[in-house]
Number of protein chains: 2
Amino acid sequence: MDALNSAPARRSGQLGEEIEERIVTGVYPPGMRLDEQELATAFGVSRTPVREALIQLASSGLVEIRPRRGATVPEMSADRLCEMFEVMAELESMCGRLAARRILPAEQARLQEAHQACEAARDAGKPDLYYQLNEVFHRCIYDASHNGFLAEQATALHRRLRPYRRLQLRVRNRMDTSFSEHAAIVDAIIAGHGEQAAELLQKHVVVQGERFTDLVATLRQMNAPAAPEALATP
Amino acid sequence: MDALNSAPARRSGQLGEEIEERIVTGVYPPGMRLDEQELATAFGVSRTPVREALIQLASSGLVEIRPRRGATVPEMSADRLCEMFEVMAELESMCGRLAARRILPAEQARLQEAHQACEAARDAGKPDLYYQLNEVFHRCIYDASHNGFLAEQATALHRRLRPYRRLQLRVRNRMDTSFSEHAAIVDAIIAGHGEQAAELLQKHVVVQGERFTDLVATLRQMNAPAAPEALATP
DNA sequence: ACGATTAATCTTGTATACACAAACAAAACT
DNA sequence: AGTTTTGTTTGTGTATACAAGATTAATCGT
């Protein structure tokens with residue numbers, strides 16, 4: 001029963017976000033069974049809100065519900081992850097292309113501001129902070145595309161890929177290369193070079209997803225620590 | 001209470017699809033309030049499965065749930081629709097580019113088969129049938145991209161845009177132009193010309209979304225017929 | 001008569017209860 | 001001994017009941 005940590009009771013929308021957080025941070029690792037009753041007692045609520053949260057998360061792909069067989073955290077194969085990064089790259093690329101054409105002066109300022117904040121984090125050698133500011137940076141580009149629907153889609157996918165991207169930032173000095181790539185991207189967007197921005201963003205994202213070995217290693221690393229019984233893959 | 005037609009009782013997953021169907025076919029028009037109790041009695045089930053279905057539909061954007069204020073069919077502005085078509089065009093384009101590189105012989109056969117089926121529907125002058133086979137055709141391309149995640153995303157968005165695309169097919173002789181565009185797309189994919197396929201698909205989709213006047217007219221037409229009280233936008 | 005405040009009603013959000021289906025285990029039969 | 005069958009148990013799916021917030025209506029005050 002104590003596989004799921006107990007936590008203070010939360011309100012409606014909060015519950016889903018808390019479960020999502022625990023999934024993307026690996027507290028509930030891929031393959032883990034999510035028992036409604038357990039979650040309910042763990043969060044100090046009844047089964048109903050838990051069920052609704054799980055259904056919501058299932059629609060966005062973060063959990064998998066099979067009828068009459070309960071909910072589990074889906075195991076993302078390396079293939080699947082590559083597919084998702086491939087799509088992410090295209091969405092980011094599109095955002096960049098549109099942003100270069102449509103960005104407003106105020107948004108230019110915010111973009112450069114976010115970029116400089118990243119620089120500070122890099123210089124300070126704080127990968128966690130950099131990771132956080134990196135999200136802000138990318139969101140600036142999404143917004144500058146002036147396509148609200150696209151921005152939503154990109155944000156959602158970005159969120160889903162968070163845990164995998166996060167681990168990648170730690171290895172090597174990815175922070176440095178990431179930042180210099182950012183610099184080129186900012187220049188292209190400000191200069192209004194749509195295709196160039198698109199290309200740069202495509203590579204920027206693909207780099208994170210294309211190395212099979214790194215990814216598989218990342219996956220193994222994420223699967224290892226917790227849920228010993230759920231990891232048997234027969 | 002009889003704003004929502006009564007229907008025979010359905011089982012779990014079916015309910016969500018039935019509601020979705022009624023939304024995309026305009027039986028539940030944009031702006032309409034979806035009362036849980038009404039839907040429950042209309043479908044002959046309790047509020048619980050209705051609620052779950054609504055939550056699921058909300059995650060995919062087909063209904064809008066505001067906390068403590070119930071569910072409504074979201075009003076899609078012309079702007080919003082254009083945004084969605086813009087993204088759809090990019091996804092289709094990406095599918096085409098990948099398909100040209102990765103399509104297998106068996107998939108080539110299925111693609112051409114679907115294309116010929118469309119031709120038959122056009123020659124027979126059956127827009128409804130063409131519309132249906134058009135979906136099959138596009139799904140062939142999604143699958144041929146060999147990116148399952150991308151295929152899922154494209155399919156989902158395609159579904160959401162269904163009602164708007166459908167109306168567009170009726171006006172003019174869109175069937176003819178659509179079919180000849182399809183022909184060029186098939187050729188490009190079979191020939192392995194990724195960029196060309198991407199471009200053609202981009203235009204093929206954008207054509208449907210880019211004409212503001214047509215779209216706005218379409219929207220008006222959809223808003224007009226039903227739900228007289230829900231349409232008041234104060 | 002009009003506006004504000006309060007009461008009533010309605011709808012959502014949550015909890016509890018029950019029914020059925022699936023997985024597991026044990027026993028009987030081949 | 002292996003396999004099938006049946007009983008038990010666990011957990012999901014649906015229904016109903018209750019509580020809290022929101023909307024509407026009515027009443028009171030200015």
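Quick note on labels: first sequence line is chain A, next is B, and so on, each numbered from 1.
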Starting at atom [atom1] of [X], determine the distance to atom [atom2] of [N], rounded to an integer number of angstrom.
X     : N      : atom1 : atom2 : value
B:D35 : C:dG13 : CG    : P     : 12 Å
B:Q14 : D:dG13 : CD    : P     : 14 Å
A:E38 : D:dG11 : CD    : P     : 7 Å
A:E36 : C:dC18 : CD    : C1'   : 15 Å
B:L15 : D:dT14 : CG    : P     : 9 Å
B:Q37 : C:dC10 : CD    : C1'   : 11 Å
A:I65 : D:dG13 : CD1   : C1'   : 12 Å
A:R33 : D:dT10 : CZ    : P     : 13 Å

Return the minimal non-hydrogen interatomic distance between B:V50 and B:S46, and the atom names on each side.
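Residues B:V50 and B:S46, closest heavy atoms: CG2-O, 3.6 Å.
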Show each protein N/O and nucleotides 15-17 of chain D N/O combination with a separation under 3.5 Å, one pair to a line.
unit_1, atom_1, unit_2, atom_2, d
D:dA15, OP2, B:S46, N, 2.6
D:dA15, OP2, B:S46, OG, 3.2
D:dA15, N7, B:T48, OG1, 3.0

Could [X] and [Y] be called an ion pair, given the rule that one side-chain N must be under 4.0 Å from one carboxylate O?
X      : Y      : result
A:R102 : A:E107 : no
A:R162 : A:E21  : yes
B:R97  : B:E90  : no

For A:R69 and A:E52, find the nucleotide of DNA chain C closest to each by heavy atoms; which residue's nucleotide sits nearer the 5' end?
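That would be A:E52.
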Nearest to the side chain of B:R68, which nucleotide is it out of D:dA20, C:dT14, D:dT12?
D:dA20
By the salt bridge (charged side-chain N to carboxylate O under 4.0 Å, His left out) test, which pairs, at least two apart or in different chains, include something from residues 131-157 of chain A?
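As it turns out, the salt bridge (charged side-chain N to carboxylate O under 4.0 Å, His left out) pairs with a partner in residues 131-157 of chain A, which skip direct neighbours, are A:E152-B:R80.
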Restricting to pairs with a member in residues 61-71 of chain B, which pass salt bridge (charged side-chain N to carboxylate O under 4.0 Å, His left out), not counting sequence neighbours?
none
